[in-house]
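Only heavy atoms go into these numbers, but all of them, side chains included; no hydrogens, no water, no symmetry mates.
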Amino acid sequence: QVQLVESGGGLVQPGKSLRLSCASSGFTVDYYGIGWFRQAPGKEREGVSCISASGKSTYYAGSVKGRFTISRDNAKNTVHLQMNSLKPEDTAVYYCARGRDKYCSGSYYSDPFQYDYWGQGTQVTVSS
């Protein structure tokens, strides 16, 4: 069956970096865009970034643009989210999700209904 499993979260000091990974199985990853979302306590889930199936198109939320980089290795069925210059406001549970098609669009990357399968999430805590 379709599965997505996030890893790489943890506790990190402000200004430091983390690299999240999303390992997928049960489907041909080359055909689907992948998105990253996050949800902080008491807040709604928000879109962070997405990448198209080919990896040629990416999009970032304004709050992370210039600090986060999304990439994918289709041969390894894995999508990464490199997070640099982390801030306390980046603290959240981070989720990866499979898009309903191969695209990544700034118009709908943050719409959870554009994704059909989700991972269980990985906690990222940024604190001194």
4.5 Å side-chain heavy-atom contact, R67 and S85: yes

Verify whether one side chain among Q123 and T125 offers a donor that lies under 3.5 Å from an acceptor in the other. yes

Any side-chain heavy atom of V126 sitting closer than 4.5 Å to one from Q13? no

Kindly indicate, with the supporting measurements, whether the criterion side chain to side chain contact (heavy atoms under 4.5 Å, CB included) is fulfilled by S127 and L11. CA-CA 7 Å; S127 175; L11 172 63; 4.2 Å; yes

Test side chain to side chain contact (heavy atoms under 4.5 Å, CB included), reference L81, set I51, V124, I70, output is I70

Calculate, to the nearest 0.5 Å, the distance between atoms SG and NZ belonging to C104 and K56 respectively. 14.5 Å

Mark yes or no for whether D90, through its side chain, and K87, through its backbone, hold a donor-acceptor pair below 3.5 Å. yes

I need the D116 CG to R98 CZ distance, nearest 0.5 Å. 4.0 Å

Side chains of K102 and Y32, heavy atoms from C-beta outward: is any pair under 4.5 Å? no

S105 side chain to S107 main-chain N or O, any donor-acceptor pair under 3.5 Å? yes

Residue E44 excluded, over 12 heavy atoms near CD under 6.0 Å: no

Out of curiosity, K76 NZ to S21 OG, how far, rounded to the nearest 0.5 Å? 10.0 Å

Say whether, by atom type as modelled, one donor and one acceptor occur between the side chain of E6 and the main chain of C96 under 3.5 angstrom. yes

CH2 of W36 to SG of C50: how many Å apart, nearest 0.5 Å? 13.0 Å

Ring center gap for F68 and Y60 short of 6.0 angstrom: no

Whether the S71 and H80 side chains hold a donor-acceptor pair (N or O, under 3.5 Å, no angle test) is what I'd like checked. no

Would R38 pass as a cation-pi partner of Y95, given that its NZ or CZ must be under 6.0 Å from the six-membered ring centre and within 45 degrees of the axis? no

Quick check, are the ring centers of Y115 and F37 under 6.0 angstrom apart? yes

Just by modelled atom types, is the Y59 backbone N or O under 3.5 Å from a matching donor or acceptor in the S49 side chain? yes

If you define the side chain from C-beta out and look only at heavy atoms, does anything of I34 sit under 4.5 Å from L4? yes

Dump the intermediate steps for side chain to side chain contact (heavy atoms under 4.5 Å, CB included) on T122 and V93, then the final yes or no. CA-CA 5 Å; T122 185; V93 178; 6.0 Å; no

CD on Q82 to CZ on R19, rounded to 0.5 Å: 6.5 Å

For W118 and R45, what are the C-alpha separation, side-chain angles and deciding distance, and is it a side chain to side chain contact (heavy atoms under 4.5 Å, CB included)? CA-CA 12 Å; W118 295 76; R45 189 171 298 192; 3.2 Å; yes

Is there a donor-acceptor pair closer than 3.5 Å between any side-chain N or O of N74 and the backbone N or O of V29? no

Side chain proximity check, P88 to P14, heavy atoms < 4.5 angstrom: yes

Any donor-acceptor N or O pair under 3.5 Å, side chains N84, S17: yes

Is the count of non-hydrogen atoms from other residues, nucleotides or ligands lying under 6.0 Å from F27 atom CZ greater than 12? yes

Under a 4.5 Å cut-off applied to non-hydrogen side-chain atoms, are Q3 and Y117 in contact? no

For the pair S52 (side chain) and S57 (backbone), establish whether a donor and an acceptor sit closer than 3.5 Å, ignoring hydrogens and angles. yes

